[in-house]
Structures are given as structure tokens and as C-alpha cells.
Chemist: 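Mind having a look at this structure? Questions to follow.
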Amino acid sequence: MLSLLCCFMSLLSFLIHSCLRPWTQAKKSLKDEKEIDEGTYVAGEEETPKGLLREQMPRHVAVIMDGNRRWAERAGLLTSQGHEAGAKRLIEFAELCFKLGIETVSAFAFSTENWGRHKIEVNCLMSLFQRYLKSKIQFFQSEEIRVSVIGNLEKIPESLLGTIKETEEATKRYKKKHLILAIDYSGRFDILHACKSIVKKSQQGLIREEDVDQTLFERELLTKCTEFPSPDLLIRTSGEQRISNFLLWQLAYTELFFSPVLWPDFDKDRVIEALVSYQRRERRFGCRI
């Protein structure tokens, strides 16, 4: 009788364990998902975050990614590791923006003035740009993200120029998502370049004085590569409150959002904070409504 009772208890224990196993695994999987680093954007099909209206999303968001070096210093890391973290954050930032319905993201990756930094850091950045672009081509294609690089580019290493052309060529057919990287970019250079182009075309008899207006001028700017050349929102991180020679013409009526957070720490909640701030503003473009 005791033997029979033991067999029954063993069978009952096996059945209970078998029934609970799928539930336990599902619970563990859910727990693992919740334990994903809060600083990482998780792409998916979830609804628009609370407090945001999808129909009021900006079409073009520009970002000045400031604070990589300070972030690395505070974390006891090398400057190069700070820039690596910043590059990773940019991809996540752009992916989140596109998921929310924002069509164009432009990032100030390297200014013309940045050539004045230490040669080791400059070489590190050039290498990072090349390696990151090269490694992300398949990602850009799978996500159907068009990539454009704007700037002077005369001092850019040939190897990086080759990677830029390869990336632009591989993604040029995509329309709905556009990532613009400003490398060796200067807003003043952009305007001067447009002026020189117009003068040259005028000398060639292609343009008359009366033809020159804002629309024609904007077609000569480096942002002519996008359908939405003027950002609706500019985000700058790390507490600095200036535009630092970025998109000087294009930012005329752009809403500005300055955050004290260093760029590698500018997580999903911070992005939503910036977008909520943008949607609460009344944009009048100089007119009283």
C-alpha cells in the first residue's frame, strides 16, 4: 500500500511539474525582457508612448550629439569608448524616431571645427565612422533606411569616402526613412557653397537675378538631399545651449530642445520628453494666430 502511494505521489509531482514548466519559462522570458537595459531602445510595434500624438510628430529631427568625451571620463573609460557609445546611441535614436513616424533624422557627427582636436581623436573618429557605416549597411537595407552624408568632405580619408559612397549607393532607393550624417560640416560653409554655386550658374547664363529666391537658394544647400531640409526640432545634449554652426539657414524656425543629459545616456525616456515638449509648443513661424 505504501509503495502504491509513493508511485501515485511521484506521478502527481511529474504532472504538476510538466504543466507548470511552460508557464515558468514564459514568466522567465517576460522577466528577461523587462531586465533589458533601460538605456536601450527596443524597436517594435508598440503603440505611440503616452503623452505623444503620432499625427503631430515632427517630420525632421536634428541632433547635436554632445557629451561623449565627458561621459567616458566620468565612467573611467577611454575617449574612443565614449564615441563608440555615442555611435551606438545614434543608431538606436534614429531607429526609435523612424518607428514613431519621424521621416528624417540629421546628426552633427563631426564639425569642420573638430579638425582642431588632437590628431589621435580625429583619426579615431574617422576610423569609427568608416567601421560603423560599413558594418551597418545590411542593417540600413533591412530597415529600408536611406543614408546621406553632407559636408565639405575634402579632408576626409579616401577609405572613408569610399565607404560613404558605398553606403549611399546601397540605400539610395529608400524613401520613408532618411538618416543624414553631417561630417566635416559647417553651416557657414553650406551657405557660402550655395552662394558660389548660384554665382557660377549665373555666369554661365543658367540663372538670372530675378530667379534667385528662397526656394532656389535651398536647392543649392547641402540638405537638398532630403524632402524636408528644415528640421522641425533640434535636440542638443550635455547642457550646452547653442547651435554651433549647424544648419544655420535651415534652423530659422526650428524648435530647440536643450538637455543636460550626456549623449550616450540620452535614452528613450529623454527622447519622449523632447517630443512631448515639441508637441506642446505653438509654432507660428513669425505670424500671430
Side-chain angles (χ1 to χ4, degrees), residues 32-44 61-100 102 105-111 113-140 142-143 145 147 149 151 156-157 160 163-164 167 177 179-185 233-242 244 246 257-275:
D32 290 342
E33 289 181 12
K34 290 182 177 180
E35 288 178 350
I36 293 175
D37 180 7
E38 291 182 358
T40 300
Y41 307 146
V42 182
V61 172
V63 59
I64 299 177
M65 308 172 290
D66 206 4
N68 291 341
R69 291 193 294 179
R70 276 171 282 172
W71 180 88
E73 183 178 350
R74 291 180 185 180
L77 302 173
L78 299 174
T79 297
S80 60
Q81 292 174 295
H83 290 311
E84 289 271 2
K88 179 176 181 291
R89 180 61 76 197
L90 173 60
I91 296 299
E92 296 169 345
F93 173 84
E95 192 175 5
L96 175 64
C97 287
F98 295 141
K99 184 186 67 172
L100 293 174
I102 296 164
V105 172
S106 57
F108 206 2
F110 188 88
S111 72
E113 292 78 12
N114 287 156
W115 289 113
R117 292 188 178 185
H118 195 285
K119 187 175 180 180
I120 293 177
E121 183 178 2
V122 170
N123 290 340
C124 167
L125 286 166
M126 294 298 121
S127 176
L128 175 63
F129 295 151
Q130 182 176 349
R131 178 162 40 85
Y132 228 77
L133 282 174
K134 191 81 172 178
S135 67
K136 291 295 181 181
I137 290 178
Q138 289 188 346
F139 167 78
F140 295 139
S142 65
E143 295 296 321
I145 299 172
V147 179
V149 177
I156 299 296
L160 175 54
T163 300
I164 289 172
T167 306
K177 307 171 188 175
L179 175 60
I180 302 173
L181 301 176
I183 299 178
D184 193 4
Y185 179 87
L233 172 65
L234 170 72
I235 297 171
R236 179 164 188 161
T237 58
S238 86
E240 305 295 346
Q241 299 186 15
R242 55 182 179 270
S244 296
F246 185 43
F257 181 87
F258 299 109
S259 171
V261 177
L262 301 180
W263 173 246
D265 288 331
F266 198 75
D267 59 17
K268 181 177 180 179
D269 289 341
R270 303 295 183 174
V271 177
I272 293 173
E273 178 187 3
L275 293 173

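It should be emphasised that the depicted structure is a prediction, and the values quoted were computed from it without experimental measurement. Counting from 1, the numbers follow the sequence of the chain as shown.
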Chemist: If you compare all heavy atoms of Leu128 against all heavy atoms of Ala87, which two are closest, and at what distance to 0.1 Å?
Modeler: CD2-CB, 4.2 Å
Chemist: Set out, in order, the CA-CA distance, both residues' side-chain angles and the distance that settles side-chain contact (heavy atoms from CB on, under 4.5 Å) for Leu275 and Ile102, then state yes or no.
Modeler: CA-CA 11 Å; Leu275 293 173; Ile102 296 164; 4.0 Å; yes
Chemist: With a cut-off of under 6.0 Å to the ring centre and 45° to the axis, is Lys136 in cation-pi contact with Phe140?
Modeler: no
Chemist: Does the side chain of Thr237 come under 3.5 Å of the side chain of Arg270 through a donor N or O and an acceptor N or O?
Modeler: no
Chemist: Please report the closest heavy-atom contact between Ala109 and Ile183, naming both atoms and the distance.
Modeler: CB-CG1, 4.1 Å
Chemist: Check whether any side-chain heavy atom of Glu92 lies under 4.5 Å from a side-chain heavy atom of Lys268, and answer yes or no.
Modeler: no
Chemist: Rounded to the nearest 0.5 Å, what's the gap from CG on Leu125 to CG on Leu160? Could you check?
Modeler: 11.0 Å
Chemist: Hey, does the side chain of Arg89 reach the backbone of Asp265 with a donor-acceptor pair shorter than 3.5 angstrom?
Modeler: no
Chemist: Is the shortest side-chain heavy-atom distance between Leu133 and Ile164 below 4.5 Å?
Modeler: yes
Chemist: Would you call the rings of Phe266 and Phe93 parallel, tilted or perpendicular, taking 30° and 60° as the class edges?
Modeler: tilted
Chemist: Minimum heavy-atom separation for Gly86 to Asn68, with atom names?
Modeler: CA-OD1, 3.6 Å
Chemist: Taking C-beta and beyond as the side chain, do Val261 and Asp267 meet within less than 4.5 Å on heavy atoms?
Modeler: no
Chemist: So which heavy atom on Glu240 is nearest to which on Asp66, and how close?
Modeler: CG-OD2, 3.1 Å
Chemist: Calculate, to the nearest 0.5 Å, the distance between atoms CD and SG belonging to Glu84 and Cys124 respectively.
Modeler: 7.0 Å
Chemist: Working to the nearest 0.5 Å, report the span between CH2 of Trp263 and OG of Ser238.
Modeler: 11.5 Å
Chemist: With a 4.5 Å limit on heavy-atom distance, are the side chains of Leu90 and Leu181 in contact?
Modeler: yes
Chemist: Crowded around Arg131 CZ? As in, over 12 foreign heavy atoms under 6.0 Å?
Modeler: yes
Chemist: Taking the side chain as C-beta and beyond, is there a heavy-atom pair between Leu77 and Trp71 under 4.5 Å?
Modeler: yes
Chemist: Would you find a donor on one side and an acceptor on the other, under 3.5 Å apart, between the side chain of Ser127 and the backbone of Asn123?
Modeler: no
Chemist: Run through Lys88, Glu121, Arg69 and flag the one making a side chain to side chain donor-acceptor pair (under 3.5 Å) with His83.
Modeler: Glu121
Chemist: Report the C-alpha distance between Arg236 and Ser244 in whole Å, list the side-chain angles of each, state the deciding distance to 0.1 Å, and finish with yes or no for side-chain contact (heavy atoms from CB on, under 4.5 Å).
Modeler: CA-CA 10 Å; Arg236 179 164 188 161; Ser244 296; 2.6 Å; yes
Chemist: Does the side chain of Pro157 come within less than 4.5 Å of Gln130's, by heavy atoms?
Modeler: no
Chemist: Measure the shortest side-chain to side-chain distance between Met126 and Phe110 over non-hydrogen atoms and say whether it is less than 4.5 angstrom.
Modeler: yes
Chemist: Look at Glu73 together with Arg70 and state whether they make a salt bridge at an N to O cut-off of under 4.0 Å.
Modeler: no
Chemist: Out of curiosity, Asn114 CG to Phe108 CZ, how far, rounded to the nearest 0.5 Å?
Modeler: 7.0 Å
Chemist: Is any side-chain heavy atom of Phe129 closer than 4.5 Å to a side-chain heavy atom of Val149?
Modeler: no
Chemist: To the nearest 0.5 Å, how far apart are CG in Leu233 and SG in Cys97?
Modeler: 8.5 Å
Chemist: Please report the closest heavy-atom contact between Ala107 and Met65, naming both atoms and the distance.
Modeler: CB-CE, 3.9 Å
Chemist: At what distance, to the nearest 0.5 angstrom, does CG of Leu179 lie from OG of Ser106?
Modeler: 8.5 Å
